[in-house]
Structure formats: structure tokens, C-alpha cells
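Following: one structure in C-alpha cells, then a few remarks.
Start at 1 with the first residue, then count along the sequence. Model, not experiment: these values are computed from the prediction.
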Amino acid sequence: MNSGCTQLSSHEPMMGKVPMISPYGVEIIESCLTCKARTDFLFCDLQPASLQLLETIHSVATYPKGALLFLEGQPARGIFVLCHGRAKLSTSSSDGKTLILRIAEAGEVLGLSATVSGRPYELTAELLEPSQANFIARQDFLDFLRNNGEVAVRVAQELCNNYHSAYAGIRSLGLSASASDKLMKLLLQWSENTEQKNGEVRIQCTLTHEEISQLIGASRETVTRGLGDLKKKGLIEVKGSTLVIHDRAALQKLVSS
């Protein structure tokens with residue numbers, strides 16, 4: 001279960017030449033070779049020769065908030081490199097019930113498992129904000145892997161990381177005693193690796209109560225009630241899109257009890 005909210009900070013683009021502004025207000029980054037971020041994401045720190053080859057097979061694209069990159073059950077056309085923005089990855093039942101598996105952040109590769117295996121996309125990817133998501137067609141990507149051992153090893157490691165992340169999410173949902181417990185664990189997860197100031201943690205959160213409920217497998221009313229209870233206890237505060245955890249240690253102790 002991944003973060004749906006983030007530490008208050010700015011995000012560098014994942015691919016880039018000189019930024020151009022798309023119709024959706026996104027700074028377009030056209031090239032991997034001059035990207036200033038070059039972090040430890042899958043394609044962000046490859047050797048120059050690999051980056052040059054990657055340049056020849058990806059297409060740059062920007063999308064508005066709410067755009068669907070791919071749908072659950074759709075044949076895998078290829079991967080999407082999320083250069084800017086965030087995406088909601090969800091699955092739905094036949095009766096229309098939706099569960100959000102995680103929120104993908106800038107730098108992640110979407111549709112990787114389906115593209116490598118040749119199976120249909122197992123999730124639906126919906127953008128939560130105007131985003132840049134560069135596309136690589138399936139056959140081009142498979143050829144890229146066959147001819148580049150460094151990238152093939154990284155992809156195998158990424159698929160393993162995704163597996164362990166999915167396992168941890170299922171374990172957290174399945175072993176939590178109650179919906180309120182799941183909610184508190186989610187808040188604690190969001191606050192991980194976030195700097196505390198005067199004992200407080202500030203998190204930027206743009207998810208609705210409905211989307212939070214889909215992350216923890218509960219109803220929207222349960223999430224609203226749970227957040228309200230935590231506010232009354234003085235553990236959290238919501239200021240617009242900013243969620244403030246006043247005492248993370250106390251919240252952790254409440255979950256442990």
C-alpha cells in the first residue's frame with residue numbers, strides 16, 4: 001500500500017532538455033540525457049549508451065488530470081514512464097467496488113509486469129494531476145531488454161520490489177484489527193522518512209476521503225469518522241490539503257495497543 005500523500009517538497013522532472021510548458025501546465029522534459037534529477041528510479045541513472053538507446057524508442061506525452069493511461073484487462077501495449085505527476089493504480093470487482101492498490105509517484109514505470117509477461121494490464125492507471133508519462137511500445141521495450149543486460153537486471157529487481165510491496169500491502173490490510181487501525185497505519189506510512197519539525201509531521205494530501213477509503217478497503221464514512229476521532233484526540237489536524245500529525249509517537253503507540 002503506497003503513499004497517497006507526500007512530504008511538502010518540490011519534485012524534479014524525470015526526463016529533460018529545456019523545459020517547455022504543455023497545454024496542461026506541465027514542464028515537458030524531452031530527453032533523459034540532460035535530466036538533472038538522475039535519481040535511483042529504474043531509468044533515471046543508466047549509463048550514457050543505454051540512455052541514448054532509450055531516447056530512440058520512447059515518445060513524450062503529457063496528459064490532464066483524470067486521464068487513463070491503461071485499463072485493467074486491456075492488452076499490454078507497453079510501459080509508461082511517469083516523469084511528472086502521480087497516478088492512482090486501482091482494481092475493480094464485477095459489482096463496481098474499487099480498491100486502490102497504491103499511488104505511483106514521479107519516476108516510476110507503470111505497466112511493467114504486464115508488458116514483460118505479455119498478460120493484460122492487471123490494474124487501471126488514472127492520473128491524479130496533470131502529468132508527463134512517456135510511452136515505450138512493448139516490442140521496442142523487450143528488444144531493449146534483450147540488448148541491454150544492465151536494464152534487464154534492473155527490471156528484474158523492480159519486479160521483485162513490486163512483489164514485496166504488494167505483499168506488504170496485503171499483509172497490512174489482512175492483519176489489521178479494524179478499519180481505524182488500517183487508517184492509522186496508512187497515516188504512519190505517509191509520514192515515514194518525512195522530516196519532523198517541533199514534533200510535527202506535515203504531509204501534502206490531495207486524496208479525497210473516498211480515495212483513502214479505497215486504499216484501506218473501508219467505507220468513506222468510516223474514513224471520515226476515523227479522521228474526526230483522531231482530530232478530537234489532538235493527534236492530527238487538517239489544514240486544506242495539508243495533513244498535520246502532531247504526535248507521531250503517540251499515533252504509533254495507539255496502533256501498537
Discussion item. In this structure, would Ile79 and Leu159 fall into the same cluster of hydrophobic residues linked by side-chain contacts under 4.5 Å?
Written reply: yes
Response to the item:
Under a side-chain separation threshold of 4.5 Å, the hydrophobic residues clustered together with Leu68 are Leu71
Give me the atom names and distance for the closest heavy-atom approach of [X] to [Y].
{"X": "Ala125", "Y": "Leu89", "answer": "CB-CD2, 3.6 Å"}
{"X": "Pro120", "Y": "Gly73", "answer": "CB-O, 3.6 Å"}
{"X": "Ser92", "Y": "Thr98", "answer": "OG-OG1, 3.2 Å"}
{"X": "Lys182", "Y": "Ile216", "answer": "CD-O, 3.4 Å"}
{"X": "Arg138", "Y": "Ala114", "answer": "NE-O, 4.4 Å"}

Item to complete: Please step through side-chain contact (heavy atoms from CB on, under 4.5 Å) for the pair Leu82 and Glu105, ending with a clear verdict.
Response: CA-CA 7 Å; Leu82 190 59; Glu105 304 286 345; 6.0 Å; no
Worksheet item: Do we see a donor-acceptor contact under 3.5 Å between the side chains of Gln204 and Ser241?
Response: yes
Worksheet item: Distance only, no hydrogens: is a donor on one side chain within 3.5 Å (strictly under) of an acceptor on the other, for Arg86 and Thr206?
Response: yes
About how many Å separate [atom2] of [Y] and [atom1] of [X], when rounded to the nearest 0.5 Å?
{"X": "Lys65", "Y": "Ser131", "atom1": "NZ", "atom2": "OG", "result": "10.5 Å"}
{"X": "Glu210", "Y": "Thr224", "atom1": "CD", "atom2": "OG1", "result": "9.0 Å"}
{"X": "Met184", "Y": "Lys253", "atom1": "CE", "atom2": "NZ", "result": "13.5 Å"}
{"X": "Ile136", "Y": "Thr115", "atom1": "CD1", "atom2": "OG1", "result": "9.5 Å"}
{"X": "Leu123", "Y": "Arg102", "atom1": "CG", "atom2": "CZ", "result": "8.0 Å"}
{"X": "Leu215", "Y": "Gln189", "atom1": "CG", "atom2": "CD", "result": "8.5 Å"}

Worksheet entry | Partner set under salt bridge (Lys or Arg N to Asp or Glu O under 4.0 Å) for Glu211, not counting sequence neighbours | Lys88
Worksheet entry | salt bridge (Lys or Arg N to Asp or Glu O under 4.0 Å) partners of Glu122, counting only residues at least two apart | none
Got [X] and [Y] here, is their nearest side-chain heavy-atom distance under 4.5 Å?
{"X": "Leu183", "Y": "Ile212", "answer": "yes"}
{"X": "Phe141", "Y": "Val155", "answer": "yes"}
{"X": "Val109", "Y": "Glu158", "answer": "no"}
{"X": "Glu200", "Y": "Ile245", "answer": "no"}
{"X": "Ser59", "Y": "Asn134", "answer": "no"}
{"X": "Ile203", "Y": "Thr242", "answer": "no"}
{"X": "Phe144", "Y": "Leu53", "answer": "yes"}
{"X": "Gln214", "Y": "Leu99", "answer": "no"}

Contacts of type side chain to side chain donor-acceptor pair (under 3.5 Å), residue [X], not counting sequence neighbours:
{"X": "Ser117", "result": "none"}
{"X": "Ser50", "result": "Asn148, Glu150"}
{"X": "Ser93", "result": "Asp95"}
{"X": "Asp143", "result": "Gln139, Arg146"}

Would you list the atom pairs, donor with acceptor, under 3.5 Å between side chains in residues 231-238 and any protein atom, with sequence neighbours excluded?
from: Glu237; atom 1: OE1; to: His246; atom 2: NE2; distance (Å): 3.0

Worksheet entry | Chi angles and distances behind the side-chain contact (heavy atoms from CB on, under 4.5 Å) call for Leu207, Ile100 | CA-CA 11 Å; Leu207 296 182; Ile100 298 176; 5.8 Å; no
Discussion item. Show me the pairs that pass salt bridge (Lys or Arg N to Asp or Glu O under 4.0 Å) and involve residues 240-251, at least two apart or across chains.
Written reply: none
Discussion item. Quick one, Ser90 with Thr124, criterion side-chain hydrogen bond (donor to acceptor under 3.5 Å, both in side chains). Give me CA distance, side-chain angles, the key distance, then yes/no.
Written reply: CA-CA 5 Å; Ser90 64; Thr124 293; 4.8 Å; no
Worksheet item: Is it true that a side-chain atom of Gln132 and a backbone atom of Val60 form a donor plus acceptor pair closer than 3.5 Å?
Response: no
Response to the item:
Residue pairs passing the ring-ring contact (aromatic ring centres under 6.0 Å, His included) test with at least one member in residues 86-118, sequence neighbours excluded, are none
Practice prompt. Scan for ring-ring contact (aromatic ring centres under 6.0 Å, His included) pairs involving residues 93-121, sequence neighbours excluded, and state none if there are none.
Written response: Phe70-Tyr121
Fill in: Residues which pass ring pair (Phe, Tyr, Trp, His ring centres under 6.0 Å) with Tyr63, listed by chain and number, not counting sequence neighbours
none
